[in-house]
Number of protein chains: 2
Amino acid sequence: MVTLADVARQAGVSSATASRVFGRPDMVGAETRAIVIEAADRLGYVANSTARALAMGSSGLLGLVVPQLSSSYFAPLISAVQSEVERSGFELIIVDSRGCPESEIEIARRLRGRVDGIIFASPRSPGAALAEAARAFPVVTVNRELPDIDSVSVDVIAGLTELCELLITAGHRTIAYLGGPPGSISDDGRFLTARTVIGDNGGEVLRFGPVEPTVSAGAESLSMLQEAGVHAVIAYNALVAHGLMFAAATVGARVPDDLAVAAVDDLIDIGLGLPSLTAITQPMGEAGSRAGRMLVGQAARPSGTDPDTRARTIQHLVLPSTLVIGETC
Amino acid sequence: MVTLADVARQAGVSSATASRVFGRPDMVGAETRAIVIEAADRLGYVANSTARALAMGSSGLLGLVVPQLSSSYFAPLISAVQSEVERSGFELIIVDSRGCPESEIEIARRLRGRVDGIIFASPRSPGAALAEAARAFPVVTVNRELPDIDSVSVDVIAGLTELCELLITAGHRTIAYLGGPPGSISDDGRFLTARTVIGDNGGEVLRFGPVEPTVSAGAESLSMLQEAGVHAVIAYNALVAHGLMFAAATVGARVPDDLAVAAVDDLIDIGLGLPSLTAITQPMGEAGSRAGRMLVGQAARPSGTDPDTRARTIQHLVLPSTLVIGETC
DNA sequence: CATACTGATGTAAGCGCTTACATCAATTGT
DNA sequence: ACAATTGATGTAAGCGCTTACATCAGTATG
């Protein structure tokens, strides 16, 4: 392993100068700089970022904790966070909590002292545990607002409200909400919003599910809805909505005439030639890059500054979701 | 930030003892150990893994470079690598190379000196660049065999051969290969294998595509195949196969009678009530855990040992793929 | 009872890097 | 021509941890 000292010796300068060549090139004479660089890559020098991290008091690593890595919901977020973070010269370490609240905080413990900050995407842990993880440590949450932690959330509620009003305007009074796997805070919120908005307009919401996030689960749910006599459904997920539509096509039910279909996301267009889906689009990529920027902002702040300066205002950024009106309702 | 020294002072021991309490608990008297631990969590001590890494000469971090994070192909691999690596007390840092060969090696440069080893999943970079990245540094490749680098690959060729024979046996002589995005080494390999096997049996392979990995792209490809008059197709991807089948159903073509369909993977079952797909299943999870284990094995080997001991034999592990015969051919 | 051994703890020297401070030559101003 | 300023470089003190080695008491052995 070739070290800075080796490079310095080879170049005939002190290790301080060698260090400066990489860290603050403008502090070094152009000539010396060239010699050092030349020496460095003759020797194949690669900076040891561990040592650098220790000396500088920060690792240049940021953490991103997601409930599920292979989820198309988080994919654009992960990708955006990664770009944003790399743009600022940080490295990203992504950890999959497997949707388990305990492992979220366990991960936070392990990551602390190794990374300069953490983003929790849609965390399921108790707020207190998260707050604890965030004390005196840069943390940003996504889709979860906690009093003392910066956050960026996507306001599905607004889009959902709009959607409910659309359905009401279209004459629907009984509307099904086909919900997702239990344990999701957002799922409850969505149902409640739908119930409130629709209730305020003299309608009624029936909650169905939970169903798995798959096309077949959606397809299988159709009979359930038909038996209940509903003619409008809000599916928590586009895959499920597609399943419903596919099953409807199979049994000869027309969309939207016999069944109006809408979804809370539009993650996937499997392109079966089905009518275009009315769905609430969530700007997860945008959320990711905002969260990334916030975290970089916190982490870059030199930790030595006095408490007053450090006591920044907590930011809660809320991004609007968009209702995209398709042919399905 | 509370350090080991703080804990030691609080506990009234030397920092060496405090260190040992965490690193080699059995070297410390039971009583002292209790006192130190007590002090540590009264103070809320979290070990600084950067410092530990520097002192011990290894970071406890491993890297995994994938061409696409949000790919269902790599999802089981990523997940398995993560489990394996965590089981061994390492942390995993996952980086998305966005399928770009240059960024693969750029990432390798950045990661080096920060992690103890790297897994490249289906790398597209030139072999020389990878070999360079792996010199005197633990590296494992997945789905790419290079002379000096440990690897684990999934032998799609074997399954594909079996598949071709199946099609030949079923009486097909002209078979379409519907290929994926360009630049994939494996895509070429698959086509060539198919051509060889089928050619050896007096058949002929027509290459179509490239098509995108989506259901709609598959659906749109049907007419192309029909015009060419083929009655058997090997799709590089299950989504595409599903699209073909869906389109076939739409135009009244029967599967497998009018068109035999097979796919090289079975990543997704969108469950449209279509006949079960004949496909080659790739054990990506297994590949991931094997690769993880290999890398841990390399990385755990103390780097100080003499060259003779270090010169281990290069391992190339090949996992068999399985041909799962469904109803589509 | 002196000697050798054992096990627990302390001392201090790094790990490879950054950076405040000191140094020194080359400029600049008067 | 001399002090003051500037810019480039060297010196050395850490960053928080691990660990080889020294130390020291307590036990076992002759």
Side-chain angles (χ1 to χ4, degrees), chain A residues 1-37 39-40 43-61 89 110 112-116 137 300 302-304, chain B residues 1-37 39-40 43-61 89 110 112-116 136-137 302-304:
Chain A
M1 194 86 291
V2 24
T3 75
L4 234 206
D6 298 330
V7 174
R9 197 172 318 119
Q10 171 80 223
V13 300
S14 78
S15 68
T17 301
S19 168
R20 284 188 277 250
V21 166
F22 301 107
R24 313 160 117 69
D26 40 312
M27 277 198 157
V28 175
E31 198 179 345
T32 324
R33 195 188 315 155
I35 297 177
V36 171
I37 288 177
L43 266 49
Y45 170 69
V46 188
N48 177 330
S49 25
T50 304
R52 177 197 299 252
L54 181 58
M56 302 206 306
S58 74
S59 63
L61 273 177
R110 286 205 322 258
R112 198 170 178 149
R114 182 188 288 280
V115 300
D116 296 340
F137 191 72
S303 56
Chain B
M1 193 87 289
V2 25
T3 75
L4 234 207
D6 299 330
V7 174
R9 197 173 318 117
Q10 171 79 224
V13 300
S14 78
S15 68
T17 301
S19 169
R20 284 189 276 252
V21 166
F22 301 108
R24 311 161 117 68
D26 41 314
M27 276 196 158
V28 175
E31 199 179 345
T32 324
R33 193 188 317 154
I35 296 176
V36 172
I37 287 178
L43 265 49
Y45 169 71
V46 188
N48 178 329
S49 24
T50 304
R52 178 198 299 253
L54 182 58
M56 301 205 307
S58 76
S59 64
L61 273 178
R110 287 207 321 260
R112 195 166 181 156
R114 183 189 286 284
V115 301
D116 296 340
F137 191 72
S303 57

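Proteins come first, then strands; the chains are lettered A, B, ... in the order of their sequence lines, and each starts at number 1. Below, all heavy atoms of this structure are taken into account, side chains as well, without hydrogens, waters or symmetry copies.
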Whole-Å distance between C:dT11 P and B:R9 CZ? 14 Å
Measure the CE-OG1 distance between A:M56 and B:T50 for me, rounded to the nearest 0.5 Å. 11.0 Å
Out of D:dT18, D:dG16, C:dT9, whichever nucleotide has its closest atom nearest the side chain of B:A51: D:dG16
Once rounded to the nearest 0.5 Å, what's the spacing between atom CZ of A:R114 and atom CZ of B:R52? 9.0 Å
Sub-3.5 Å donor-acceptor pair from the side chain of B:S49 to the main-chain atoms of A:G113, do we have one? yes
Could you give the CZ-to-C1' distance, from B:R33 to C:dA8, as a whole number of Å? 12 Å
Within the side chain of A:D116, is there an N or O that forms a donor-acceptor pair under 3.5 Å with the backbone of A:G60? yes
Name the nucleic acid region contacted by B:Y45, choosing base, sugar-phosphate or nothing; use a 4.0 angstrom heavy-atom cut-off, strictly under. sugar-phosphate
Check whether any side-chain nitrogen or oxygen of B:S15 sits under 4.0 Å from OP1 or OP2 of D:dG16, and answer yes or no. no
Report yes if a side-chain nitrogen or oxygen of B:S14 is closer than 4.0 Å to either non-bridging phosphate oxygen (OP1 or OP2) of C:dT9; otherwise report no. no
Integer-rounded Å distance: C:dG14 P and A:N48 CG: 18 Å
Looking at CZ of B:R9 and CG of B:L43, how far apart are the two atoms once the value is rounded to the nearest 0.5 Å? 9.5 Å
Give A:T3 one of three labels, base, sugar-phosphate or nothing, depending on what nucleic acid heavy atoms sit under 4.0 Å from its own. sugar-phosphate
Name the closest nucleotide to the A:V28 side chain, picking from C:dT9, D:dT9, D:dG16. D:dT9
Have a look at A:T50 and say if it touches a base, only the backbone sugar-phosphate, or nothing, with a 4.0 Å heavy-atom cut-off. nothing
How many whole angstroms separate atom CZ of A:R114 from atom P of D:dC15? 21 Å
Which part of the nucleic acid, if any, lies within reach of A:R24 when heavy atoms closer than 4.0 Å are counted: base, sugar-phosphate only, or nothing? sugar-phosphate
Given atom CG of B:L54 and atom C1' of C:dA13, what is their separation to the nearest angstrom? 13 Å
Which part of the nucleic acid, if any, lies within reach of B:M1 when heavy atoms closer than 4.0 Å are counted: base, sugar-phosphate only, or nothing? nothing
Among D:dT9, C:dC15, C:dG10, which nucleotide sits nearest the side chain of A:T17? D:dT9
D:dC17 C1' sits how many Å from A:R52 CZ, rounded? 20 Å
Judged by each residue's nearest nucleotide on DNA chain C, which is more toward the 5′ side, B:G29 or B:M56? B:G29
Measure CZ/A:F22 against P/C:dC17 and give the value in whole Å, please. 9 Å
In whole Å, I'd like the distance from the CZ atom of A:R20 to the P atom of D:dG10. 8 Å
